[in-house]
Chemist: 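Quick one: structure below, then a few questions.
Keep in mind that the numbers below use all heavy atoms, side chains included, and drop hydrogens, waters and symmetry copies. Atoms within a ligand are numbered from 1 in the order they appear, just like the ligands themselves.
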Amino acid sequence: MKINSCRNCGIRFLVARSICPNCGKEDFESIPVKKGTVLESVELIASPEPFPDRYYLVLLDVDGTRVFCRSEEKLKEGSEVKITEDNMGPVCIMA
Ligand SMILES: [Zn+2]
């Protein structure tokens with residue numbers, strides 16, 4: 001998974017933007033992230049194709065940036081997780 005970082009002010013965010021929300025510049029870099037801390041884990045059932053019928057949507061803190069990933073198991077708040085990726089997006093597993 002990669003997050004975006006403004007080369008001018010250093011603010012980080014997940015969703016790509018054309019203009020920095022902090023300083024208004026347009027110069028970004030992608031930073032690979034591999035680890036995060038669980039803030040919240042919510043079980044989803046009956047999700048649309050191609051996602052599994054049952055999984056957890058996990059909100060992570062990655063160096064102050066909040067990102068989402070999927071997990072097959074419930075992850076406790078405060079747990080350290082590894083962030084990997086499959087063809088449907090980011091997946092987190094216990095570190
Ligand atoms: Zn900026």
Chemist: Examine Arg17 relative to Phe13 and say whether NZ or CZ is less than 6.0 Å from the centre of the six-membered ring and inside a 45° cone about the ring axis.
Modeler: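 That pair qualifies as a cation-pi contact.
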Chemist: Shared ILVMFWY cluster between Tyr55 and Leu75, side chains joined below 4.5 angstrom?
Modeler: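 Result: no, two separate clusters.
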Chemist: Is it true that Cys69 and Cys92 have SG atoms closer together than 2.5 Å?
Modeler: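 Answer is yes, sulfur atoms closer than 2.5 Å.
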Chemist: Under 2.8 Å from the Zn ion (ligand 1), how many protein N/O/S atoms do you get? Just the number, please.
Modeler: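 Every protein N, O or S atom under 2.8 Å from the Zn ion (ligand 1) counted, the figure is 4.
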Chemist: Do the side chains of Glu43 and Arg54 get close enough for a salt bridge, i.e. N-O under 4.0 angstrom?
Modeler: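 So Glu43 pairs with Arg54 through a salt bridge.
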Chemist: Does one hydrophobic cluster hold both Ile83 and Val58, with members joined at side-chain heavy-atom distances below 4.5 Å?
Modeler: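 In one cluster: yes.
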Chemist: Identify whether the distance between the nearest side-chain nitrogen and carboxylate oxygen of Arg12 and Asp63 falls below 4.0 Å.
Modeler: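 A salt bridge links Arg12 with Asp63.
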